[in-house]
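First the structure, in the form of C-alpha cells, and then the observations on it.
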Amino acid sequence: MSVGEDVVRGLVVKWLRSTGFVVLRGVSISPLKLDVVAVGDVMMSRGVVKKSDTMFVYTFDVRTITSRKLLKNSIEQAVTRLFTADYAYIVVPRNAAIETSKGGQKSVDMPKLVQRAANGPLSRRLGVVAVEPPKIEIIRWALRSDLIVDELRNRVLEKAREELLNMN
C-alpha cells in the first residue's frame, strides 16, 4: 500500500528539521515551484551527514508515482532543481502500486525503479530517498550540482533568511 504525498512530505520536513536545516515548503522561484527546500550548514554527501562551514541548499521533490509516464516526468522535473540547489533529491514511498502496460497494477520497490530510470547524464546526480513510515532512508546520495544558476540559488537563500526572521 502506498503512502500519500502529504504524509511523506511531513515526515521528510520533520527529519530535515531534526538534522539542523531551515525547511521551506512550496517555494516559488519563477517559473519553478520547489516542493521542499532545506538550507543549512549541514552537508549530506556520499553517506555522510555532518556540520560544515558552508551553507548548502537541498531540494526534495516528494512524489507518488503511479505510471511510467509520471516516473519520467518526475525525474525530468527533479533535474531542473539542479539549477537552484547544491543537491537535489526525489522522495518516494518505499512500495507503491504502478500501472502495468496491460492496464493492471503491480506493487514495486519505488526507490529502485526511480534509481534505474534516473540514469542519464544529469539525472544520475539526483539522490533518491525512500519513506516507509516512520523510516526514512537515503537510497542514493545526490551528487553536487554543477549547473547552479547563482541568481536562482540566491533567491532560495533569501527566502530561507526571510523564514528565519519570521520564526524569531
Side-chain angles (χ1 to χ4, degrees), residues 2-45 49 52 54-67 69-94 96 98 110-111 113-115 117-118 122-123 125-145 147-168:
S2 182
V3 180
E5 281 185 19
D6 289 338
V7 171
V8 172
R9 191 174 292 107
L11 288 169
V12 168
V13 167
K14 184 177 177 182
W15 166 64
L16 290 168
R17 286 186 176 142
S18 72
T19 306
F21 288 105
V22 173
V23 181
L24 309 168
R25 295 168 74 162
V27 175
S28 291
I29 304 293
S30 187
L32 303 174
K33 182 158 184 182
L34 310 174
D35 195 15
V36 176
V37 176
V39 176
D41 59 351
V42 178
M43 185 178 75
M44 296 186 344
S45 179
V49 178
S52 173
T54 305
M55 290 296 281
F56 291 101
V57 176
Y58 297 82
T59 62
F60 295 83
D61 279 314
V62 178
R63 297 289 173 250
T64 301
I65 299 168
T66 57
S67 70
K69 183 177 180 179
L70 280 175
L71 173 63
K72 180 182 176 203
N73 290 344
S74 295
I75 291 168
E76 288 173 358
Q77 185 176 31
V79 164
T80 66
R81 289 9 179 191
L82 296 170
F83 295 110
T84 64
D86 298 293
Y87 298 92
Y89 284 86
I90 296 177
V91 182
V92 293
R94 165 64 72 190
I98 194 165
M110 188 53 66
L113 188 62
V114 170
Q115 199 170 352
L122 297 177
S123 60
R125 305 196 77 66
L126 300 173
V128 179
V129 176
V131 177
E132 185 172 26
K135 186 178 177 185
I136 295 174
E137 180 182 7
I138 298 176
I139 303 298
R140 178 168 83 186
W141 293 84
L143 300 176
R144 191 151 187 194
S145 174
L147 301 173
I148 295 173
V149 175
D150 288 335
E151 179 185 340
L152 294 174
R153 184 178 184 276
N154 289 339
R155 287 170 51 198
V156 172
L157 287 171
E158 184 58 36
K159 290 201 182 255
R161 280 187 206 98
E162 289 171 13
E163 181 74 14
L164 274 174
L165 291 174
N166 291 336
M167 289 171 50
N168 294 330

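Each residue takes its place number in the sequence, starting with 1.
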* Structure fact -> Residue pairs passing the salt bridge (Lys or Arg N to Asp or Glu O under 4.0 Å) test with at least one member in residues 30-39, sequence neighbours excluded, are Arg9-Asp35
* Beyond-backbone contact of Glu132 with Glu137, side-chain heavy atoms, under 4.5 angstrom -> no
* Asked: Quick check: does any side chain N or O of Glu5 sit under 3.5 Å from a backbone N or O of Thr64, one acting as donor and the other as acceptor?
  -> yes
* **All pairs passing salt bridge (Lys or Arg N to Asp or Glu O under 4.0 Å) where residues 11-29 contributes a residue, at least two apart** => none
Contacts under 3.5 angstrom, residues 83-91 side chains, donor-acceptor by atom type, not counting sequence neighbours:
| residue | atom | partner | partner atom | Å |
| --- | --- | --- | --- | --- |
| Thr84 | OG1 | Arg81 | O | 3.0 |
| Asp86 | OD1 | Arg144 | NH2 | 3.3 |
| Asp86 | OD1 | Arg153 | NE | 3.4 |
| Asp86 | OD2 | Val57 | N | 2.7 |
| Asp86 | OD2 | Arg153 | NE | 3.2 |
| Asp86 | OD2 | Arg153 | NH2 | 2.9 |
| Tyr89 | OH | Ala142 | N | 3.3 |

* Structure fact -> By side-chain contact (heavy atoms from CB on, under 4.5 Å), Thr19 pairs with (sequence neighbours left out) Trp15, Phe21, Val42, Val49
Just list the side-chain donor-acceptor pairs under 3.5 Å for residues 69-79, sequence neighbours left out, or say none.
| residue | atom | partner | partner atom | Å |
| --- | --- | --- | --- | --- |
| Ser74 | OG | Leu70 | O | 2.8 |
| Gln77 | OE1 | Arg63 | NH2 | 2.8 |

* Would you name the heavy atoms of Ala130 and Ile139 that are closest together and state the gap between them? => CB-CG1, 3.7 Å
* If you round to the nearest 0.5 Å, how far is CG of Leu126 from CG of Asp61? -> 8.5 Å
* How long is the gap from OG1 on Thr80 to CG on Leu147, to the nearest 0.5 Å? -> 11.0 Å
* Electrostatic pair Glu162-Lys159, nearest N-O below 4.0 angstrom -> no
* Who pairs with Asn154 by side chain to side chain donor-acceptor pair (under 3.5 Å), at least two apart in sequence or on another chain? -> none
* Structure fact -> Checking Val37, Leu11, Val22, Val23 against Leu16 for side chain to side chain contact (heavy atoms under 4.5 Å, CB included), the one that qualifies is Val23
